[in-house]
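Start at 1 with the first residue, then count along the sequence. Whatever order the structure lists them in is the order used to number ligands and atoms, beginning at 1. Values in this document were obtained by computation on a predicted structure and should not be read as measured data.
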Amino acid sequence: MEYRLDKRSGNELSVLGMGCMRLPRKGTGIDMQLTELILLEAFERGVNYFDTAYSYGGSEEALGEIVERNNLRQHVYIASKLPHGKCRTIDDVERLFTTSLERLRTDYLDYYLIHNIVMASQWQRLVDLGIDEWIAQKKESGAIRRIGFSFHGGMAEFRELLDAYDWDLVQIQYNYVNEHYQAGREGSELAASRGIPVVVMEPLLGGRLAAGLPEGTVHAFESAVPGRSPASWGLRWLFDQPQVTVVLSGMNSTEMLHENIDTAASTAPGSMTESERVAIREAKAAFEESFKVPCTGCNYCMPCSKGISIPSLFAAYNESFSLGWRTGFFHYMMSVGVTSGAPRLATSCVNCGACVKKCPQHINVPERMADVAHRLQPPGVNTALKLANPILSHW
Ligand code: SF4
Ligand code: SF4
């Protein structure tokens, strides 16, 4: 296993981290026997970073039980996350944090992340509740070793967030298809340039980059290195980048674990060959052929006066064709900030035209926003949004 340095803490983190969002399930609960087998094998093969969250139904409890039973607490780094939408007062923050500690059977977290921020105003709301003083107290007592945030907004918001606080770690969605989506490459390099460790989530888009790829993508990979799996290609692309500290993978079988560990062990930063890079570019190009809006994610059109994350919405729209409607829809919902209580939807566009003048690709943004809304906000979804918004805003 390769370890990468968290320069802020001095922690040596395994470049392959265990994502505990999708632990193996049995019936209605977590398959504890299989989960324990995988987690222990991961640990024995050198994985030392385990990522969970208050909102990952049953994950904190399972991880806590397994870590305690096997006396692993001193040997692993545990990251969990605060569901900030549930916090109306600082007492809520304290209660949710204490619950996470209890579930994880520990009295400290190595990393505590504000979960799923999409815009800087969400962090500001927590600051108004007094969270910076609360964090200072927790760090002082040792209950929180390092603080960070996980992110699903656009690059402009990411930059704003980085400037807003002295973060110890960021967690972003990043993979070769999403190179310029959300924080993407630019965000990962910006965070790393400030000495902030970068944890990558969704390296294979929830498995979409492991199976069911377009024919051209598979052909590009197979022509370059026959027999190497698409999952290995996807992870290799990330391990190769020095600004990436940890890549989280939700490994729910020992086969997957073994393959990912082998990939991690054989990919040092900068080790990809030129022919491998060409293959990735060709694979990505085949993927992008199904893109409907030629948005490069350059962000030149931002900010939008209505707060719409234009490149993220176009990326989600394109994904709804290349990766399937459900994936595109899910990313659309994340990108509009559906859990924020004030989502900035494609239908929020007022056709002011300001963005059009700035777009180097000459995209008629408002016209294409109407396409996005037509595809990802059909009438049934609009009704569901209206009904669900009061509930979602508390997530
Ligand atoms: S045209 Fe629409 S998307 Fe573009 S800046 Fe105006 S409101 Fe935002
Ligand atoms: S300026 Fe154009 S290409 Fe760049 S992010 Fe905006 S819409 Fe996409």
Any N/O/S atom, backbone or side chain, of Cys352 lying under 2.8 Å from atom 2 (Fe) of ligand 1?
-> no

Under a 4.0 Å heavy-atom limit, does Val356 contact ligand 1 with its side chain, its backbone, both, or neither?
-> neither

Pro311 heavy atoms within 4.0 Å reach ligand 2 at atoms 5 (S)

How far is atom 7 (S) of ligand 1 from its nearest protein heavy atom, and which residue and atom is that?
-> Val350 N, 3.5 Å

cation_pi(Arg145, Tyr112) dist<6.0 Å, angle<=45 | no

Let me know which of Asp166, Asp132, Asp168 forms a salt bridge (charged side-chain N to carboxylate O under 4.0 Å, His left out) with Lys139.
-> Asp168

Heavy atoms from other residues, nucleotides or ligands near CD of Glu12 exceed 12 (cutoff 6.0 Å) | yes

Would you mind running through ligand 2 and noting each atom that sits below 4.0 Å from a heavy atom of Cys301?
-> 1 (S), 5 (S), 6 (Fe), 7 (S)

Residue pair Ser320 / Leu376: nearest heavy atoms and the distance that separates them | CB-CD2, 4.0 Å

With a distance cut-off below 6.0 Å to the six-membered ring centre and an angular limit of 45° from the axis, does Arg375 pair with Phe321 as a cation-pi contact?
-> yes

Within 45° cone of Tyr176 ring axis and under 6.0 Å: Arg236 NZ or CZ = no

Just need the protein heavy atom nearest to atom 2 (Fe) of ligand 1, so name the residue and atom and give the distance.
-> Cys349 SG, 2.4 Å

Would you mind checking which non-hydrogen protein atom is closest to atom 3 (S) of ligand 1, with the distance to 0.1 Å?
-> Ile310 CD1, 3.7 Å

What's the shortest distance from atom 4 (Fe) of ligand 1 to any protein heavy atom, and which residue and atom give it?
-> Cys355 SG, 2.3 Å

Closest non-hydrogen contact found for Leu109 with Ser80 is CD1-CB, 4.0 Å

In terms of residue, atom name and distance, what is the protein heavy atom nearest to atom 1 (S) of ligand 1?
-> Gly353 N, 3.3 Å

So which heavy atom in the protein is nearest atom 8 (Fe) of ligand 1, and how far is it from that ligand atom?
-> Cys304 SG, 2.3 Å

